[in-house]
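Heads up, the thing below is written out as structure tokens.
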Number of protein chains: 2
Amino acid sequence: MRARQELALLLRRLTVELDAVGQRFAQRHGLNRTDVRALVAIMDAARRGEALTAGRLGEAVELRSASVTALVDRLERVGHLRRARDAEDRRRVVLEMSESAMAAGAEHFGGLARDLTAAMEGYPPEELAVVRRFLLEMTGVIERHARTDPAADDGGR
Amino acid sequence: MRARQELALLLRRLTVELDAVGQRFAQRHGLNRTDVRALVAIMDAARRGEALTAGRLGEAVELRSASVTALVDRLERVGHLRRARDAEDRRRVVLEMSESAMAAGAEHFGGLARDLTAAMEGYPPEELAVVRRFLLEMTGVIERHARTDPAADDGGR
DNA sequence: ATCTATTATCTCGATGATCGAGACTTTCGA
DNA sequence: TCGAAAGTCTCGATCATCGAGATAATAGAT
């Protein structure tokens with residue numbers, strides 16, 4: 001019981017520390033939290049092979065369209081991003097990260113990834129498999145909580 | 001190699017989802033991200049048996065004193081917090097969470113904790129021990145990254 | 001005991017991030 | 001071809017954050 005609660009706290013602590021990593025990246029590059037969240041969302045999308053549009057970015061970081069416009073303006077102004085009209089649907093604006101932003105991100109977060117994977121060297125495959133299963137399952141539980149709309153006692157807002 | 005990278009990504013994904021949980025809590029209670037971070041910091045401190053002062057809260061959520069004053073004003077105004085002068089050092093303002101805020105937090109985050117620990121039921125103690133060791137080590141690596149000030153290639157700002 | 005430096009918080013004015021409402025452009029379906 | 005819907009942007013308002021400086025309390029030196 002104790003042990004399991006400790007694990008839950010450890011997950012949250014890890015989250016706090018990862019957040020601090022992003023915070024440091026933000027400071028070093030004169031960005032705010034949202035900007036970093038946006039860049040990360042765009043990089044993640046790129047990793048999956050999709051290019052984010054302004055609208056989808058807004059969903060990812062939970063901002064209204066007016067704020068997304070301002071956000072993209074900021075990032076474009078400092079050269080981290082380019083706007084490009086989508087050829088297929090010319091209403092859409094697809095966002096492309098600049099080489100420099102990709103490089104900065106890779107240096108900062110890639111360095112962390114390198115250290116993390118290096119620290120995993122010490123674990124035999126069976127143990128990594130256990131950890132993987134655990135993380136997948138916990139992520140699933142958390143995801144359900146994040147998305148679940150109780151709405152039952154939604155006293156109107 | 002692949003496997004280890006996947007684990008690193010899983011850690012970040014878990015962070016994103018946990019963040020979304022906080023985001024939902026914020027929405028449901030008319031708070032912003034910072035407010036939630038602050039309440040969590042205060043609850044964490046309470047869990048450790050310490051009462052946060054305004055200054056320490058500022059360190060925890062990385063805000064300047066002016067912003068902390070505004071933050072505490074907000075939270076106090078909606079009844080989540082009480083200011084109380086420290087008896088020993090009357091310059092200090094110690095922050096006490098209200099019963100209602102504690103209850104709201106417990107319901108939201110406590111529910112998640114319950115689901116998480118429940119999901120851990122399926123794991124034998126040895127596996128939980130592996131996970132614990134893993135999380136502790138990864139947290140350590142991340143923490144070093146978060147605090148490390150490269151400053152080596154600080155191209156001047 | 002008194003003075004000074006330090007610590008902790010707060011006030012004020014300025015800046016900027018976010019939002020709602022609505023305009024504009026493009027696409028889709030009838 | 002026309003109207004509705006989708007995607008983004010503009011504008012004005014609101015609020016979170018900050019820097020500078022004020023205020024109050026403590027600690028240390030004499």
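The structure displayed is predicted, hence computed values, not measured ones. The chains referred to below are lettered A, B, ... by the order of the sequence lines, with proteins before strands, and numbering in each begins at 1.
As judged by a 4.0 angstrom heavy-atom cut-off over every strand, A:R83 is placed among residues touching the sugar-phosphate backbone only. Using a 4.0 Å heavy-atom distance criterion, B:A54 is classed as a sugar-phosphate-only contact. Contact annotation for A:L71: no contact, since no heavy-atom pair falls under 4.0 Å across all strands.
For A:R85, whose side chain is taken as the heavy atoms from C-beta onward, the closest listed nucleotide among C:dC10, D:dA16, D:dT8 is D:dT8. For B:A66, counting side-chain heavy atoms from C-beta on, the closest listed nucleotide (D:dA20, C:dT9, D:dT8) is D:dA20. You'll find that the side chain of B:R64 is closest to D:dC18, out of D:dC9, D:dC18, C:dT9. Distances from the side chain of B:R92 to the nucleotides C:dT9, D:dG19, D:dT10 place C:dT9 closest.
Put simply, CD on A:E76 is 9 Å from P on D:dC9, counting in whole angstrom units. For the pair A:E59 CD and D:dG7 C1', the computed distance is 11 Å after rounding to whole Å. To the nearest angstrom, P of C:dC19 lies 15 Å from CG of A:D73. Summarising the geometry, the separation between CG on A:N32 and P on D:dC18 is reported as 11 Å, rounded to the nearest angstrom. A:L57 places its CG atom 10 Å from the P atom of D:dT8, with the value rounded to the nearest Å. A straight line from CD of A:Q23 to C1' of D:dT17 spans 13 Å, rounded to a whole angstrom. Atom-to-atom, CZ of B:R56 to C1' of C:dA8 comes out at 11 Å; the value is rounded to the nearest Å.
Taking 3.5 Å as the limit, the base of D:dC18 and the side chain of B:S67 contain no donor-acceptor pair of atoms between them.
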Under 3.5 Å, which N/O atoms of the protein pair with N/O atoms of nucleotides 27-30 of chain C?
{"residue": "C:dT27", "atom": "OP1", "partner": "A:R90", "partner atom": "N", "Å": "3.1"}

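Within the 4.0 Å cut-off from OP1 or OP2 of D:dT10, not a single side-chain nitrogen or oxygen of A:T69 is found. Phosphate proximity of C:dT18 to A:T34: present, with a side-chain N or O under 4.0 Å from OP1 or OP2. For B:R74 and D:dT17, the shortest distance from a side-chain N or O to OP1 or OP2 is below 4.0 Å.
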